[in-house]
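Only a predicted model underlies this, so the values are computations on that prediction, with no experimental measurement involved. In each ligand, atom 1 is the first atom listed, and ligand 1 is the first ligand listed. Start at 1 with the first residue, then count along the sequence.
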Amino acid sequence: MERRRWYKDMVFYQVWPRSFKDGNGDGMGDLWGVLEKLDHIQSLGCDGIWFSPIYPSPGADCGYDISDYLDIAPEFGGMDAFRALLDAAHSRNMKIVMDLVVNHTSDEHEWFRKSRRRIEPYTDYYIWRPAGPGGKLPNNWDSNFEGKAWTFDPVRGEYYLHLFAVKQPDLNMDNPLVREEVKKILRFWLDLGVDGFREDVITYISKKDGLPNDHIFPIYKGMRHYNHGPRVHQYLAEFKQEVLDHYDCFTVAEAPLVWPRQALRYIREEGGQIDMMIQFQCQCADCLFTDYLPTKFSLRKLKRAYSSWQNRLRGKAWNALYLENHDHPRIVSRYGSEEYWAESAKTLAAAYLFQQGTPFIYQGQEIGMINWRPESPELYEDVQTRYNYTHSHTKEPAQKRLERLWRSSRDSARTPMQWDGTENAGFTTGKPWFSVNDSFRRINVAAQEADPDSILNFYRKAVALRKRLSCVRHGVYREHFRLSGRLYAYSMTGQKERILVLCSFSSRPMACPFPRGFDRKTARLLLGNYTAGAPEILRPWECRVYGWDLS
Ligand code: GLC
Ligand code: CA
């Protein structure tokens, strides 16, 4: 079957299920809650949902540690709720995308339990190595979350590799039986009717033969031996040819540390193995590679990332566009301004929604949720945050360390969705599994429904406009005023129309320039975040989308 390209016309909504909406009052978000809120998602103009993992899991990494790939966790509603949701979504013409997490499993998965006891055929499902002389680790790699990448298992008497948490042992993808399991998982969900997969850290699945030591310096020690490893394309092609190509589905790969040139090896429309890629460069305008190495926000860095992906993929591959997800703090608190909260949230939306690609909107982004800032470090849940907190900057004053968490933790964006101004932000009638962000009385869906100029309504207008404009889907991207550190300006030029998007990233007014060749007099203002004013001035965090008819 020819793989359809319907995903190019879509806008996805990401549900991080624990914190979206609790439907049964036990304090934990679930699929009944999602069913209740399908109207909300659809009202944004979103026609697809990507679910962060909803499979059974001990929850060591909030579901990214899976103990059964062929079921839905009972706390989320089990298979019955999932089937109901899938039907409801499909009857609205909405697509459902599952998270495929196959770089690693939970250590409580049956495969791992058997593997550590050397029960066949599971003995080589994971990456086991004996201890070196004196109990030495097999190599010097670091995990991404918790210290060294190796943990000794007393049952088997060997070390196992885990690139993430101790409870997330890496699968041995070189074992053909493991790849058969992956295909079985894919087929299972596709046969049930799901429409695609977001593939978790999929660029890590093939490790360099011999698992060699890395140099002493890199921050992610070992990464160059497992990111984009030797057989990653071969394995992905196998999944595609044997399974994915036989279904009307698509895939989006999560890929830390990837540049367009490498990305094209995966996502080129001719000969690629997947359809889109979630890159991290657009997340590094205020940090070095990771939120834990913060730097001052640089608009130029952000613009370089945006433009390089737009320019290099054009005509060859398709972009995945996003501002937020469950792995990064809230964007208004990072790239925007909490002082100009509504203005900057809207400007950020305009900065990415009119680029070419398929946009994703993360729950809460559409109402401009801001970072959670708890009083105490004890309240953090995330495994990566906890490790970082106990192991770095330990000599700094307590308040400074806490502020580091506010700025860098994934938990800053994982608090319950703020539905209204009542207790627990309308997320649950029970006791929420996680703290609610104090900002909920001011920032919530109900309040923004009532306000035509809210961030929520801006998202609706922007998504609707995007879908009307064929130049966004088919046009040519161009960046203007590249050197400005305060203004992001880009145009999309199609056959019949052209748009110019102007976004101020500044709290001070500035002159509103027009690039050469763009006629101010004939420009129509299609969208903006201020009511009428002086057209020659951009006010703090103002954005405007102008259009021209070329036909
Ligand atoms: C991805 C997920 C993240 C998870 C990690 C390990 O980066 O997005 O949430 O912790 O992989 O599975
Ligand atoms: Ca629940």
Quiz prompt | Ring geometry between F164 and F145 (parallel below 30°, tilted from 30 to 60°, perpendicular above 60°) | solution = perpendicular
Quiz item: Are K95 and W6 in a cation-pi setup, meaning NZ or CZ lies under 6.0 angstrom from the ring centre and within 45 degrees of the ring axis?
Solution: yes
Exercise. Is it possible for you to check whether R386 lies under 6.0 Å from the centre of the six-membered ring of Y380, through NZ or CZ, and within 45° of that ring's axis?
Key: no
Exercise. Check ligand 1 against R198 and write out every atom of the ligand that is under 4.0 Å from a heavy-atom position of the residue.
Key: 2 (C), 8 (O)
Practice problem: Identify, by atom number and element, the atoms of ligand 1 in contact range of D61, meaning under 4.0 Å from any of its heavy atoms. | Solution: 4 (C), 5 (C), 6 (C), 10 (O), 12 (O)
Under 4.0 Å, counting heavy atoms only: does [X] come that close to any atom of ligand 1?
{"X": "Q384", "result": "no"}
{"X": "R414", "result": "yes"}
{"X": "H328", "result": "no"}

Cationic N near anionic O, under 4.0 Å, [X] to [Y]:
{"X": "R231", "Y": "D209", "result": "yes"}
{"X": "K184", "Y": "E180", "result": "no"}
{"X": "D275", "Y": "K8", "result": "no"}

Quiz item: Would one find more than 12 heavy atoms of other residues, nucleotides or ligands at under 6.0 Å from atom CG of N140?
Solution: yes
Quiz prompt | Validation row, ring centre F112 to ring centre Y160 under 6.0 Å | solution = yes
Quiz item: Any idea how many protein N, O or S atoms are nearer than 3.0 Å to the Ca ion (ligand 2)?
Solution: 5
Practice problem: Applying side-chain contact (heavy atoms from CB on, under 4.5 Å), name anything that partners S106, two or more places apart in sequence or on another chain. | Solution: P58, D65, S67, E108
Practice problem: Write out the residue and atom name of the closest protein heavy atom to atom 7 (O) of ligand 1, then the distance separating them to 0.1 Å. | Solution: E254 OE2, 2.8 Å
